[in-house]
Amino acid sequence: MPMATILYGECIAPGQTAKVRISGLADQGCDLETDACETVSDGDVSLWIGAVGPFHASATRKDACHVAVRFKEPIDGRILEHFRCG
């Protein structure tokens, strides 16, 4: 079940790093929003949620400042629970 909480992290792609707000965190993926619009492009990325990561994923741009992320491996339920309690 996705979380309604907004988390903060970094999205890293080859030659690019963007500070992001993470929403809808679930075991299979999440949504990202960044103030550095156009910084995160489609393709392979690594996502850090706070100091936890990296989580390897595929990014798909939704619009200039919003990106959908699909994790290459599901996130462990204990990590999801950590962020629910944090």
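Worth saying up front: this structure is predicted, and the values here are computed from it rather than measured.
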Just verifying a value: how many Å separate [X] [atom1] and [Y] [atom2], rounded to the nearest 0.5 Å?
| X | Y | atom1 | atom2 | answer |
| --- | --- | --- | --- | --- |
| Thr5 | Phe83 | OG1 | CZ | 10.5 Å |
| Cys65 | Leu32 | SG | CG | 12.0 Å |
| Ile22 | Cys30 | CD1 | SG | 5.5 Å |

Table please: side-chain donor-acceptor pairs of residues 43-55 below 3.5 Å, with sequence neighbours left out.
{"unit_1": "Asp44", "atom_1": "OD1", "unit_2": "Lys72", "atom_2": "NZ", "d": "2.9"}
{"unit_1": "Ser46", "atom_1": "OG", "unit_2": "His56", "atom_2": "ND1", "d": "3.3"}

Exercise. Among the clusters formed by ILVMFWY side chains lying less than 4.5 Å apart, do Leu80 and Val20 turn up in the same one?
Worked result: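 The answer is yes; both residues are in one hydrophobic cluster.
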For this session: State which residues pass salt bridge (charged side-chain N to carboxylate O under 4.0 Å, His left out) with Arg70; sequence neighbours excluded, sorted by chain then number.
Result: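 Partners of Arg70 under the salt bridge (charged side-chain N to carboxylate O under 4.0 Å, His left out) test: none.
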Exercise. Got a sec, which pairs hit salt bridge (charged side-chain N to carboxylate O under 4.0 Å, His left out) with one end in residues 11-26, sequence neighbours left out?
Worked result: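 Sorted pair list: Glu10-Lys19, Arg21-Glu33, Arg21-Asp35.
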Exercise. What pairs of residues pass the salt bridge (charged side-chain N to carboxylate O under 4.0 Å, His left out) test when at least one of them lies in residues 46-59, not counting sequence neighbours?
Worked result: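 Every pair satisfying salt bridge (charged side-chain N to carboxylate O under 4.0 Å, His left out) with a residue in residues 46-59: there are none.
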Problem set entry | Salt-bridge criterion met for Glu81 and Arg78 (N-O under 4.0 Å) |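 Answer for the salt bridge query: no.
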Exercise. For Lys62, which residues count as a side chain to side chain contact (heavy atoms under 4.5 Å, CB included) partner, sequence neighbours excluded?
Worked result: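 Side chain to side chain contact (heavy atoms under 4.5 Å, CB included) list for Lys62, sorted by chain: Asp31, His66, Ala68.
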For this session: Indicate yes or no: at least one non-hydrogen side-chain atom of Leu25 is less than 4.5 angstrom from one of Leu7.
Result: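 Result yes, sub-4.5 Å side-chain heavy-atom pair found.
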Problem set entry | Within-4.5 Å side-chain heavy-atom neighbours: Ser58 and Phe71 |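 A side-chain contact under 4.5 Å is absent here.
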